[in-house]
Engineer: 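This is the structure, below, for whatever I ask next.
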Protein chains: 2
Amino acid sequence: MSKNKILIVDDDDDIRHLLKYNLEKSGFITNIAANGLECIEMIKSYNPDLILLDVMMPGMDGIEVCERIKSDPQNKNILICFLTARNEDYSQIAGLEAGGDDYVSKPIKPKVLLSRINAILRRKSNENPKEVKNGIQINYEKYVVLKNGEEVQLPKKEFELLSLLHSKPNFVFRREQILNHVWGTDIVVGDRTIDVHIRKLREKLGVHHIVTVKGIGYKYIT
Amino acid sequence: MSKNKILIVDDDDDIRHLLKYNLEKSGFITNIAANGLECIEMIKSYNPDLILLDVMMPGMDGIEVCERIKSDPQNKNILICFLTARNEDYSQIAGLEAGGDDYVSKPIKPKVLLSRINAILRRKSNENPKEVKNGIQINYEKYVVLKNGEEVQLPKKEFELLSLLHSKPNFVFRREQILNHVWGTDIVVGDRTIDVHIRKLREKLGVHHIVTVKGIGYKYIT
DNA sequence: CAATTTTATACACATGTTATTCACAATTAA
DNA sequence: TTAATTGTGAATAACATGTGTATAAAATTG
């Protein structure tokens, strides 16, 4: 698992750098933004996994920043953790929290923050376990396959077929199972269809990843 | 190895009894439940090894029943095999399948069901890698045989034949039994067919693993 | 919305594998 | 020894899969 990138957004310079220091010491890659605008501009280039977002900021407040971020489907897998001051109104945050994120109250205790961050990331990584298997990594959200780090765009059916096989490495999927999962039960396709898609995958990923088990089906090997 | 207990859960009375009849004929102990609630109530007292669980049922559907069962750590070694109708949505089953179970599509052919059940049970009994029997180990998921740790790919019939013999080391299977299990009861093959397959296995695994019992059949020795 | 490109499927045929048969040799048990 | 049974080599049948190409369907683009 590669290091997680965290974007710290707070108008207070001291807090920014305190957090940066602590998080980097714990192995995260960090970057900082002083306000909502900077944050939004930075997302594209920095592509953080998680944003620590101060709620109370001059100009655009954290809630609004969050809404803007989440409104772009491209960012739907970016996690947001609010930093809230004591006495802050939690009602709005509560709503967002239902979306899966979290918040930490100031004053921030590094240990608390850290465990909170780890919890969020763990939750997230459980959601879509994208381990690398045999040089092939699948990103279900971006709908893209990484072959030795290099992005390979696969058409829908090929992607789904690979996902299935990849989800259980070394497990032999019967042709019937493959049909049911990738094509669905009500669709009838010729019996060469699976083979053709397997061929395409082998062309794109290299022949050695998918192994035929004659009379049964196919398996993705590690 | 004691007889395996199977709990059959389906709302259709005919199917329940058809399955019960077939499975008992094949040597399983069975019990039936007509819906999810009955099933769950029955688990504690009956303690099945495997549950055949219809997906589409009035009230609680099979998926939910499964989730409930699996949520209790006590039941974690109960196997679940879904019975699915054509046109059923497999997306949820896919996830559960990753847990190690399987499914059979309706209309259920007794022979398919039986071989599926046996595969699941074998897979299971193979899970905790106990002693290797005479240097030969079978991996039912990968559909390979490990000969001193080295993978050997066997064709379907050879694999099934070996699986059968291997499942009960030192037990002599009569030729008739072998035919029934590997070839099925309605298929007629010449009387040299078994021998030929045995020969192939001996070639691939070494002659000393399978012993002929003249006039009776064969056994896999440890 | 028509043109174009991409993706999905079909199909015929090549290829390779697996299953089976058969004639006959070897073995074994009585 | 003999009759039954099993082992074996080689031929063939049956089958499953790979592949080139055609076509259909879907998505994209101007």
Side-chain angles (χ1 to χ4, degrees), chain A residues 73 143-145 151-165 172-221, chain B residues 111-112 115 143-145 151-165 172-221:
Chain A
Y143 224 82
V144 92
V145 172
E151 285 200 359
V152 180
Q153 268 290 359
L154 294 181
K156 194 159 161 257
K157 280 281 187 303
E158 286 168 42
F159 183 85
E160 284 170 4
L161 174 53
L162 178 63
S163 299
L164 179 64
L165 298 178
V172 179
F173 287 87
R174 298 186 303 276
R175 295 175 87 90
E176 177 213 353
Q177 287 178 300
I178 294 174
L179 276 178
N180 286 339
H181 283 124
V182 179
W183 277 267
T185 39
D186 43 353
I187 285 155
V188 182
V189 286
D191 55 351
R192 296 265 61 68
T193 305
I194 292 179
D195 309 45
V196 174
H197 285 271
I198 292 280
R199 184 206 334 183
K200 296 261 175 69
L201 282 176
R202 298 216 255 231
E203 278 168 8
K204 287 172 188 168
L205 306 177
V207 282
H208 52 289
H209 290 98
I210 298 169
V211 169
T212 305
V213 180
K214 225 177 155 116
I216 313 290
Y218 296 90
K219 62 181 168 182
Y220 181 91
I221 57 161
Chain B
K111 224 189 277 175
V112 173
S115 78
Y143 226 86
V144 292
V145 171
E151 290 196 356
V152 181
Q153 272 283 5
L154 295 181
K156 202 167 158 225
K157 279 279 187 308
E158 287 168 41
F159 186 86
E160 284 170 4
L161 174 54
L162 178 64
S163 297
L164 179 64
L165 300 178
V172 180
F173 287 87
R174 281 177 286 113
R175 296 176 85 89
E176 179 211 351
Q177 287 180 298
I178 295 174
L179 278 178
N180 285 340
H181 276 96
V182 180
W183 277 266
T185 40
D186 45 352
I187 285 154
V188 182
V189 286
D191 56 349
R192 295 266 62 69
T193 303
I194 292 180
D195 308 45
V196 175
H197 283 274
I198 292 281
R199 186 211 326 185
K200 295 262 177 68
L201 282 176
R202 285 174 172 157
E203 278 168 7
K204 286 172 187 167
L205 306 177
V207 283
H208 53 291
H209 291 100
I210 298 168
V211 169
T212 305
V213 181
K214 214 171 161 118
I216 315 290
Y218 297 91
K219 65 177 169 182
Y220 181 92
I221 55 161

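Letters go in sequence order (proteins before strands), and every chain restarts at 1. The figures here come from the full heavy-atom set of this structure, side chains too, leaving out hydrogens, waters and symmetry mates.
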Engineer: Phosphate oxygens OP1/OP2 of D/dG18: is one of them under 4.0 Å from a side-chain N or O of A/Thr212?
Structural biologist: yes

Engineer: What integer distance in Å separates B/Arg174:CZ from D/dT5:P?
Structural biologist: 15 Å

Engineer: So among A/Val172, A/Leu164, A/Ile194, which one has a side-chain contact (heavy atoms from CB on, under 4.5 Å) with A/Tyr218?
Structural biologist: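 Considering A/Val172, A/Leu164, A/Ile194, a side-chain contact (heavy atoms from CB on, under 4.5 Å) with A/Tyr218 is found only for A/Ile194.
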
Engineer: Show the distances under 3.5 angstrom between N or O atoms of the protein and N or O atoms of nucleotides 27-30 of chain C.
Structural biologist:
from: C/dT27; atom 1: O2; to: B/Lys214; atom 2: NZ; distance (Å): 3.0
from: C/dT28; atom 1: O4'; to: B/Lys214; atom 2: NZ; distance (Å): 3.4

Engineer: Can you find a side chain N or O atom of B/Tyr218 that sits less than 4.0 Å from OP1 or OP2 on D/dT5?
Structural biologist: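 For D/dT5, OP1/OP2 do not have a side-chain N/O of B/Tyr218 under 4.0 Å.
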
Engineer: Under 4.0 Å between a side-chain nitrogen and a carboxylate oxygen: does that hold for B/Asp195 and B/Arg202?
Structural biologist: no

Engineer: Grab the two heavy atoms, one from B/Gln153 and one from B/Tyr143, that are nearest each other, plus how far apart they are.
Structural biologist: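 Reported closest heavy-atom pair: OE1-O, 3.5 Å.
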
Engineer: In whole angstrom, what separates A/Glu203's CD from D/dT19's P?
Structural biologist: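 After rounding, the reported distance stands at 8 Å.
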
Engineer: In terms of relative ring orientation, are A/His209 and A/Tyr220 parallel, tilted or perpendicular, with 30° and 60° separating the classes?
Structural biologist: parallel

Engineer: In this structure, are over 12 heavy atoms from other groups packed under 6.0 Å from B/His197 atom NE2?
Structural biologist: yes

Engineer: Using whole Å, report how far CG of B/Asp195 lies from C1' of C/dT21.
Structural biologist: 12 Å

Engineer: Do any side-chain nitrogens or oxygens of A/Arg175 fall under 4.0 Å of OP1 or OP2 in D/dT17?
Structural biologist: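 Answer is yes, contact under 4.0 Å.
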
Engineer: Which is true for A/Val189 with a 4.0 Å heavy-atom rule: it touches a base, it touches only sugar-phosphate, or it touches nothing?
Structural biologist: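 Result for A/Val189 = sugar-phosphate.
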
Engineer: Would you say that B/Ile178 contacts B/Ile198 through its side chain, given a criterion of any heavy-atom pair below 4.5 Å between the two side chains?
Structural biologist: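 No, their side chains stay 4.5 Å or more apart.
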
Engineer: Just how far, in rounded Å, is P of C/dC22 from CG of B/Asp191?
Structural biologist: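 To the nearest whole Å, that distance equals 10 Å.
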
Engineer: Whole-Å distance between D/dT8 C1' and B/Ile210 CD1?
Structural biologist: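 Answer to the nearest Å: 16 Å.
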
Engineer: Rounded to whole angstrom units, what separation is found between the CZ atom of B/Phe159 and the P atom of C/dA19?
Structural biologist: 13 Å

Engineer: Show the numbers, then the answer: is there a side-chain contact (heavy atoms from CB on, under 4.5 Å) between B/Leu162 and B/Leu205?
Structural biologist: CA-CA 10 Å; B/Leu162 178 64; B/Leu205 306 177; 3.7 Å; yes

Engineer: Between protein and nucleotides 24-26 of chain D, what N or O pairs are separated by less than 3.5 Å?
Structural biologist:
none

Engineer: Is the number of heavy atoms from other residues, nucleotides or ligands within 6.0 Å of NZ (B/Lys111) greater than 12?
Structural biologist: yes

Engineer: Report yes or no: does B/Glu158 contribute a side-chain atom to a donor-acceptor pair with the main-chain N or O of B/Pro155 at less than 3.5 Å?
Structural biologist: no

Engineer: Return the value, rounded to whole Å, for the distance between atom CZ of B/Arg192 and atom C1' of D/dA11.
Structural biologist: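 Between C1' of D/dA11 and CZ of B/Arg192: 17 Å.
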
Engineer: Between C/dT20 atom C1' and B/Leu201 atom CG, what is the distance in whole Å?
Structural biologist: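 Rounding to the nearest Å, CG of B/Leu201 and C1' of C/dT20 are 15 Å apart.
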
Engineer: Indicate for each nucleotide in nucleotides 3-8 of chain C, in 5' to 3' sequence, whether protein heavy atoms under 4.0 Å reach the base (B), only the sugar-phosphate (S), or nothing (-).
Structural biologist: ----SS

Engineer: Shortest non-hydrogen contact from A/Lys157 to A/Val182?
Structural biologist: CD-CG1, 3.7 Å

Engineer: Flag the pair B/Trp183 / B/Val188 as yes when at least one side-chain heavy-atom distance between them is below 4.5 Å, and no otherwise.
Structural biologist: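 Not in contact.
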
Engineer: D/dT6, D/dT21, D/dG18: which one has an atom nearest the side-chain heavy atoms of A/Arg199?
Structural biologist: D/dT21

Engineer: Within the supplied structure, the quantity of interest is the number of heavy atoms (other residues, nucleotides, ligands) at a distance under 6.0 Å from B/Lys204 NZ; does it exceed 12?
Structural biologist: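 Result for NZ/B/Lys204: enclosed.
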
